[in-house]
Amino acid sequence: MNLRSARVAGLVLLAVAVAVAGYFGARALWGTDPEHVYGARDTAVEVSPGETFTIEVDANPTTGFKWIVDRPAPARRVVEALGEDYEGDGSDRVGAGGTLRLRFQAKDAGSTEIKLLHCMRCGTPSAEPEGDGAESLTFHVTVR
């Protein structure tokens with residue numbers, strides 16, 4: 001093998017190592033495969049048993065509105081909630097928003113719905129599920 005071939009092989013190995021590190025880094029950071037992230041427009045979720053997936057929605061807790069998983073709760077035999085985290089957009093602006101990530105794990109084959117409600121004072125007698133900023137999303141989850 002000449003020096004040029006060795007350099008090319010080294011660059012190819014480096015590129016593969018970076019790709020693998022990125023993939024496993026995303027799994028460690030989010031607890032999911034990067035391709036299993038669903039946004040507000042990606043409401044059809046298809047996963048296999050044991051896989052994790054993330055639903056991402058725009059959020060801004062400073063408005064008083066928050067996202068909750070609405071009733072009826074998703075079928076626990078099909079999916080399990082793993083938790084959530086919020087990441088601001090990195091802006092220094094007062095009232096800047098960010099992204100809420102809700103993580104789930106597929107359990108057994110079947111289908112269920114995850115209904116998200118964006119409301120003010122959710123879960124209290126004075127909850128306001130309607131008005132400016134109110135929104136709902138329904139994700140149709142199929143575990144195959």
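Start at 1 with the first residue, then count along the sequence.
- The NZ atom of Lys66 lies 11.0 Å from the CG atom of Leu100; values are rounded to the nearest 0.5 Å.
- Every pair tested for ring pair (Phe, Tyr, Trp, His ring centres under 6.0 Å) that includes a residue from residues 69-98 fails, sequence neighbours excluded, so the list is empty.
- Looking at every heavy atom in both residues, Ile55 comes nearest to Phe139 through CG2-CZ, 3.4 Å.
- Pairing each heavy atom of Thr54 with each of Arg103, the nearest pair is OG1-CG, 3.6 Å.
- In terms of the side chain to side chain donor-acceptor pair (under 3.5 Å) criterion, Arg41 has no residue partners (sequence neighbours excluded).
- We find that Glu84 and Arg101 are not joined by a salt bridge, their nearest charged nitrogen and carboxylate oxygen being 4.0 Å or further apart.
- The CG atom of Asp85 lies 9.5 Å from the OG1 atom of Thr99; values are rounded to the nearest 0.5 Å.
- Here CG of Leu116 is found 6.0 Å from CG of Leu102. Values are rounded to the nearest 0.5 Å.
- Residues Trp67 and Ala59 share a closest heavy-atom pair of CD1-CB, 4.1 Å.
- Here the straight-line distance linking atom CZ of Phe65 with atom CE of Met120 works out to 4.0 Å at 0.5 Å rounding.
- For the atom pair His36 NE2 and Glu51 CD, the distance stands at 3.5 Å (nearest 0.5 Å).
- The side chain to side chain contact (heavy atoms under 4.5 Å, CB included) test applied to Thr142 returns Glu46, Ser111, Arg144, not counting sequence neighbours.
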* Assess whether side-chain contact (heavy atoms from CB on, under 4.5 Å) is satisfied between Val47 and Tyr38, documenting all intermediate values. => CA-CA 11 Å; Val47 289; Tyr38 299 87; 4.1 Å; yes

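- In this structure Thr62 satisfies the side chain to side chain donor-acceptor pair (under 3.5 Å) test together with Asn60, sequence neighbours excluded.
- Asp58 pairs by the salt bridge (Lys or Arg N to Asp or Glu O under 4.0 Å) definition with nothing, not counting sequence neighbours.
- Residues meeting the side chain to side chain contact (heavy atoms under 4.5 Å, CB included) test with Val78, sequence neighbours left out: Ala75, Thr112, Val143.
- Among residues two or more places apart in sequence or in another chain, the side chain to side chain donor-acceptor pair (under 3.5 Å) test is passed with Glu80 by Lys107.
- Not counting sequence neighbours, Ser48 has no partner by the side chain to side chain donor-acceptor pair (under 3.5 Å) test.
- Annotation: side chain to side chain contact (heavy atoms under 4.5 Å, CB included) contacts of Glu113 (sequence neighbours excluded): Lys115, Thr138, His140.
- Looking at every heavy atom in both residues, Val37 comes nearest to Glu56 through CG1-CD, 3.5 Å.
- Legend: residues meeting side chain to side chain contact (heavy atoms under 4.5 Å, CB included) with Ala81, ordered by chain and number and at least two apart, are Phe104.
- The side-chain heavy atoms of Ser136 and Leu117, taken from C-beta on, include a pair separated by under 4.5 Å.
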